[in-house]
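Structure, as structure tokens:
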Number of protein chains: 2
Amino acid sequence: MTRQQSRSGGGRRRASHSMESVLEEAVALLDEAGAPALTFRALAQRLGGGVASIYWYVANKDELLDLAADHAMGPVLADVEKLPRSDDPIDDLRVMAITLFDAIVQRPWLSAYFMRNTSIQTHTLGLYEKLGQQTLRMNLTASQRFHAVSALVGVVVGSAVDLGQEPTQEMLDGNVDRDEYLHRVAQDWRDLDPQEFPFVHEIVDEFDGHDDVDQFRSALELTLTGLRLQAGA
Amino acid sequence: MTRQQSRSGGGRRRASHSMESVLEEAVALLDEAGAPALTFRALAQRLGGGVASIYWYVANKDELLDLAADHAMGPVLADVEKLPRSDDPIDDLRVMAITLFDAIVQRPWLSAYFMRNTSIQTHTLGLYEKLGQQTLRMNLTASQRFHAVSALVGVVVGSAVDLGQEPTQEMLDGNVDRDEYLHRVAQDWRDLDPQEFPFVHEIVDEFDGHDDVDQFRSALELTLTGLRLQAGA
DNA sequence: GGTACGATAGAACAACGTTCGATGCGATGC
DNA sequence: GCATCGCATCGAACGTTGTTCTATCGTACC
């Protein structure tokens, strides 16, 4: 049981796919309605074929998701490789991380499958490499370099999990948007006892209507300054 | 349709639960075999009751998972509150974050449901507050405090997602343990072209057999030194 | 023109979350 | 003591999901 690229085109009754088209439609489904929307039946219908045919290209759903995520990472890797190099590796790391984060903002489902299986996620591995190459320009040990890149990936993923969460039922119904949801939670927090929750009261106005990008940028900056200090620059 | 605590004890044929017992057994299932093991049928069997009864206590599976996660956070919050205070808020933040991370290491399934719905996750909100209270001792703006705690939570969650991933089929079969899995991935990496992947080759020995705790500690330290610099101490 | 094989697909299966309707049980009112 | 009422429980069913089995199509090759 191997799989292979099929020549494009095909008959009228029988559908003829290709790895490319399968992943393309899978990503389209994920983009349209998130991870729950990607089912084998929905995908088969979009491809105009049968359900079992998809199993010719992927072993199971996990592999489908890993491959779809990596497929979406292709353009991101290309963008990162296109980025101009400055003379400060930390500046380069910053813009790379932001590029990666932006991609996840536009495709929140990515956060769950990013860097899960580098054996088949070649683009993702490429991104990991490109991030790491910047640390090669810094005065660090191999261990510090490994941990630095892990930390950066962790910051991106950690900030992105909020985005990756499936919207609540209310948000899907369209009754309520993100700002209103945030506002409700903020109101809950304001109702808490100020004696017992002084911090929550201190920051509730910041939380209400906050921007995820700002949040990520702050976290990224903390890690980057820590890294700069470690490199002794 | 409200729900309520039932008095303990019960008949022979009909089972009698309580919110406590439901969450207790749910956590037990999660501990034993991870998130996929927590099904309503398995949970009902453990409680010696019917499937539909569980819906008296929780609205759906999402709520069950949120509540189970928060239930598991109870002792963690207690531990954090018991922690002695030093005169350095950053030191306190460090030990708090480590306490939290350790809890997730022992219960990897926690990472996916941590801080998802603070309206019903009271213990989790308490942890958020305790972390934040340390930033109140530092010279920061409200915005900086909010972002600092978000960053710390992000580091914990970001480092923990690796742990939260369900083991591969091979690992479940028991054919292969974590070290061997890491070793295989490392071998894949060593087979890559050194010209194209200089960084991967630089750190592959660090990756092979690495400790997740070390990885987390390094990431945490970077964020904390960044934070210390920001507070101008 | 037959054959081997890459590729497709319908139907079935088991498991899951969830809902429905009926039923048991314990306290309350008389 | 008995009927009532509402909390709590449960079996059975429904729709959907991932996955597998088996049969078939179509094309390149000898």
Side-chain angles (χ1 to χ4, degrees), chain A residues 1-23 25-26 29-30 33-68 112-113 166 168-169 172, chain B residues 1-23 25-26 29-30 33-68 109 112-113 166 168-169 172-173:
Chain A
M1 294 256 184
T2 59
R3 57 193 90 101
Q4 196 172 316
Q5 313 273 12
S6 80
R7 315 143 209 45
S8 59
R12 209 182 83 262
R13 293 211 67 84
R14 289 176 80 84
S16 173
H17 316 318
S18 72
M19 189 83 239
E20 261 286 316
S21 67
V22 168
L23 298 184
E25 293 302 323
L29 276 171
L30 289 166
L38 178 57
T39 69
F40 277 79
R41 284 167 178 84
L43 182 54
Q45 189 166 18
R46 260 184 115 105
L47 290 165
V51 186
S53 306
I54 304 171
Y55 281 89
W56 181 257
Y57 297 95
V58 298
N60 49 45
K61 190 168 186 186
D62 262 353
E63 189 176 301
L64 173 62
L65 281 162
D66 285 342
L67 288 174
Y113 308 99
E166 286 307 313
T168 64
Q169 194 56 47
L172 282 177
Chain B
M1 294 264 181
T2 58
R3 57 194 87 100
Q4 198 171 317
Q5 312 274 14
S6 80
R7 312 139 212 48
S8 59
R12 208 182 83 261
R13 294 210 67 84
R14 290 176 78 83
S16 174
H17 315 319
S18 71
M19 190 83 241
E20 261 286 316
S21 66
V22 168
L23 297 184
E25 293 302 323
L29 276 171
L30 289 165
L38 178 56
T39 69
F40 278 78
R41 285 169 176 85
L43 182 54
Q45 190 166 18
R46 259 185 115 103
L47 291 165
V51 186
S53 305
I54 305 171
Y55 282 89
W56 180 257
Y57 297 96
V58 298
N60 50 44
K61 190 169 187 184
D62 262 354
E63 190 176 301
L64 173 62
L65 281 162
D66 285 342
L67 288 175
W109 51 270
Y113 308 99
E166 285 308 313
T168 64
Q169 194 56 48
L172 282 177
D173 295 344

Legend entry - Separation of Asn60(A) CG from Ile54(A) CD1 (nearest 0.5 Å): 12.5 Å
Legend entry - Protein-nucleotide distance (Ile54(B), atom CD1; dG17(C), atom P), rounded to Å: 9 Å
Inset, instruction - Grab the CG-P distance between Leu43(A) and dT19(D) for me, whole Å please. - result: 13 Å
Legend entry - Atom pair distance, as rounded to whole Å: OH in Tyr55(B) and P in dG11(D): 15 Å
Legend entry - Beyond-backbone contact of Leu38(A) with Leu64(A), side-chain heavy atoms, under 4.5 angstrom: yes
Inset, instruction - Map Ala52(A) and Thr39(A) onto DNA chain D by nearest heavy atom, then report which one ends up closer to the 5' terminus. - result: Thr39(A)
Legend entry - Euclidean distance, atom CG of residue Leu64(A) to atom P of dT19(D) [Å, nearest integer]: 9 Å
Inset, instruction - On the 0 to 90° scale, with breaks at 30° and 60°, tag the Tyr55(B)-Phe40(B) ring pair as parallel, tilted or perpendicular. - result: parallel
Inset, instruction - Kindly point out which of dT19(D), dA9(C), dC10(D) is positioned nearest to the side chain of Lys61(A)? - result: dT19(D)
Inset, instruction - Nearest-nucleotide wise, let me know which of Arg41(A) and Gly50(A) is further upstream toward the 5' end of DNA chain C. - result: Gly50(A)
Inset, instruction - Measure from CZ on Phe40(B) to C1' on dT18(C) and round the result to the nearest Å. - result: 8 Å
Inset, instruction - May I ask you to verify if any side-chain N or O of Ser53(A) is less than 4.0 angstrom from the OP1 or OP2 atom of dA9(C)? - result: yes
Inset, instruction - Give a yes/no on whether any side-chain N or O of Trp56(B) is located under 4.0 angstrom from OP1 or OP2 of dT9(D). - result: no
Legend entry - Below 4.0 Å: OP1/OP2 of dA9(C) and any side-chain N or O of His17(A): yes
Inset, instruction - Answer yes or no: is there a side-chain heavy-atom contact under 4.5 Å between Val58(B) and Asp66(B)? - result: no
Legend entry - NE2-CG distance between His17(A) and Leu47(A), expressed to the nearest 0.5 angstrom: 5.0 Å
Legend entry - Side chain of Tyr57(B) (C-beta onward), nearest among dT19(D), dA13(D), dT9(D): dT9(D)
Inset, instruction - Provide, to the nearest angstrom, the distance between the CD atom belonging to Glu63(A) and the P atom belonging to dT19(D). - result: 10 Å
Inset, instruction - Find the distance Arg14(A):CZ to dG6(C):P and express it as a whole number of Å. - result: 15 Å
Inset, instruction - Measure the distance from CD on Gln45(B) to P on dG17(C) and round it to the nearest whole Å. - result: 14 Å
